[in-house]
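Have a look at the structure below, then the notes.
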Amino acid sequence: MYLEKLRLDGRVAVVTGGGQGIGAACARALGEAGAMVVVADLLAERAEATAQELSAAGMNAQGIALDVTKSADVDAAADEIAREHGRIDVLVNNAGVAKSDVRAEDTSDEHWRFHMDVNVDGVFWCCRAFGRHMLEKGSGAIVNIGSMSGFIVNKPQPQSFYNASKAAVHHLTKSLAAEWGRRGVRVNAVAPTYIETPLTAFGMKENPEMYKVWLEMTPMGRVGQPDEIASVVHFLASDASSLMTGSIVLADGGYTCW
Ligand code: NDP
C-alpha cells in the first residue's frame with residue numbers, strides 16, 4: 001500500500017528546466033515512477049535529448065521548448081499538453097537562474113530583472129497556467145524548487161537578487177497552497193542546499209576558496225547530487241504526501257541548523 005502511493009502510472013508530469021541538472025533528475029524520477037513526462041527547457045535540443053534518454057530507458061517522455069518567462073507561451077504549452085494528453089497531474093517548477101557573486105551595490109537593473117523574471121515571474125506564470133487545468137479536474141500536485149537561500153543568506157558570495165527570488169518562491173508556494181487547498185491542488189516546495197550542477201560550477205569548480213566555505217558551513221560536509229532532490233520532488237508529487245500542502249521541505253545537508 002505504501003509503495004503504491006509513490007507510483008504515478010497514468011499521470012502526466014511537466015518539468016520546467018528539465019533538460020539538465022536537478023530538472024533532468026526530477027524528470028527521470030517521475031518517469032521511473034510511471035508518469036508520462038514532458039521535459040520543457042529553453043533549448044528544444046536539450047529538452048529533446050533528455051526526453052530521448054528517458055525513452056531509451058523505457059520511460060514515456062517528450063521534450064518541448066519553453067521559456068517560462070513568456071507567459072503567453074506558458075499558457076499555450078499548458079493548453080497544448082492538456083489537449084494532447086488529456087490531463088496534467090504534476091508540475092515541477094524547476095527552471096531557475098543564479099548568476100551569483102554580484103554585490104548589491106553593483107547589481108544592474110537587468111541583472112535583478114533577469115533573476116526575478118525566471119525565478120519568480122516564471123514560477124507564477126507556470127503555476128497559473130498549469131494550475132488552471134488542475135483546478136478544472138480537481139486534482140494536481142505542484143512542486144516548486146525553492147532554495148535554502150530563501151531562508152538563509154549564503155556565504156561568501158553576495159547574491160541578494162537570488163536569495164530574494166527564492167524567498168518569494170517559498171511564500172508564493174504557501175499562498176497558492178492556501179488558495180487551492182480545498183480544490184484538490186497541492187503546492188509544495190523543496191529547498192535544496194548546493195547541488196552539483198552547471199549552476200554551481202562557479203563555486204565548486206572555479207573557486208576552491210569559496211567551495212571550502214560552502215563545505216565548512218554544511219554539517220554533512222558535502223554538497224548534494226541532483227537525484228537527492230529528485231527523490232524529494234517525487235515524494236511531494238505523489239500520493240505519499242497527500243496531507244502536505246504549503247510545505248517548504250529543506251534538503252540541505254543540515255546547512256540551516258547553524
Ligand atoms: P541548471 O542551470 O543546471 O539547470 C536549469 C535549467 O533551466 C537549464 O537547462 C536552463 O537553461 C533552464 N532555464 C533557464 N532559464 C529558463 C527559462 N526561462 N525557461 C525554461 N528553462 C530555463 O540549474 P540547477 O539544476 O542547478 O537548478 C535547478 C533549480 O534548482 C533552479 O531553480 C535553482 O535555482 C534551484 N536550486 C539549485 C541549487 C544548486 O545548488 N544547483 C540549490 C538550490 C536551488 P540554460 O542553461 O540555457 O539557462
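All ligand and atom numbering here is 1-based and tracks the order in the structure.
Proximity of E196 to ligand 1 is not established, as no heavy-atom distance is less than 4.0 Å. A heavy-atom separation below 4.0 Å is not found between A98 and ligand 1.
In terms of polar-atom proximity, T69 is not counted as a contact of ligand 1, lacking any N or O under 3.5 Å from an N or O of the ligand. Some N or O of D67 is nearer than 3.5 Å to an N or O of ligand 1, by distance alone. Ligand 1 has no N or O atom lying under 3.5 Å from any N or O atom of T200, backbone or side chain. Of the polar atoms of V68, at least one N or O is found under 3.5 Å from an N or O of ligand 1, judged by distance alone. The distance criterion of under 3.5 Å between nitrogen or oxygen atoms is not met by S147 with respect to ligand 1. Inclusion of L43 in the set of residues having an N or O under 3.5 Å from an N or O of ligand 1 is not warranted.
In terms of protein heavy atoms, atom 16 (C) of ligand 1 is closest to L42 CG, 3.5 Å. Ranking the protein heavy atoms by distance from atom 8 (C) of ligand 1 puts R46 NH1, 3.5 Å first. From the protein, the heavy atom lying nearest to atom 35 (C) of ligand 1 is I145 CG2, 3.6 Å. Nearest to atom 7 (O) of ligand 1 among the protein's heavy atoms is G17 CA, 3.3 Å.
In the candidate list N94, V169, L199, V223, L199 is nearest to atom 23 (O) of ligand 1, counting heavy atoms. The residue among I195, D252, T193, I22 with a heavy atom at the shortest distance from atom 42 (C) of ligand 1 is T193.
Comment: D121 engages R113 in a salt bridge, judged by a side-chain N to carboxylate O separation of less than 4.0 angstrom.
Distance alone, capped at 3.5 Å, is enough to place a donor-acceptor pair between the N119 side chain and the V97 backbone. No donor-acceptor pair closer than 3.5 Å links the side chain of T16 to the backbone N or O of A40.
Looking at W258 and E216, their side chains never bring a donor and an acceptor atom within 3.5 Å of each other.
Paired with V123 under the rule side chain to side chain contact (heavy atoms under 4.5 Å, CB included), one option of I145, L176, N93 passes, and it is N93.
The aromatic ring centres of F130 and W180 sit 6.0 Å or more apart.
Using bins of under 30°, 30° to 60° and over 60° for the plane-to-plane angle, the ring pair Y255/Y194 lands in the perpendicular bin.
Residue M148 does not touch ligand 1, judged by heavy-atom distances below 4.0 Å.
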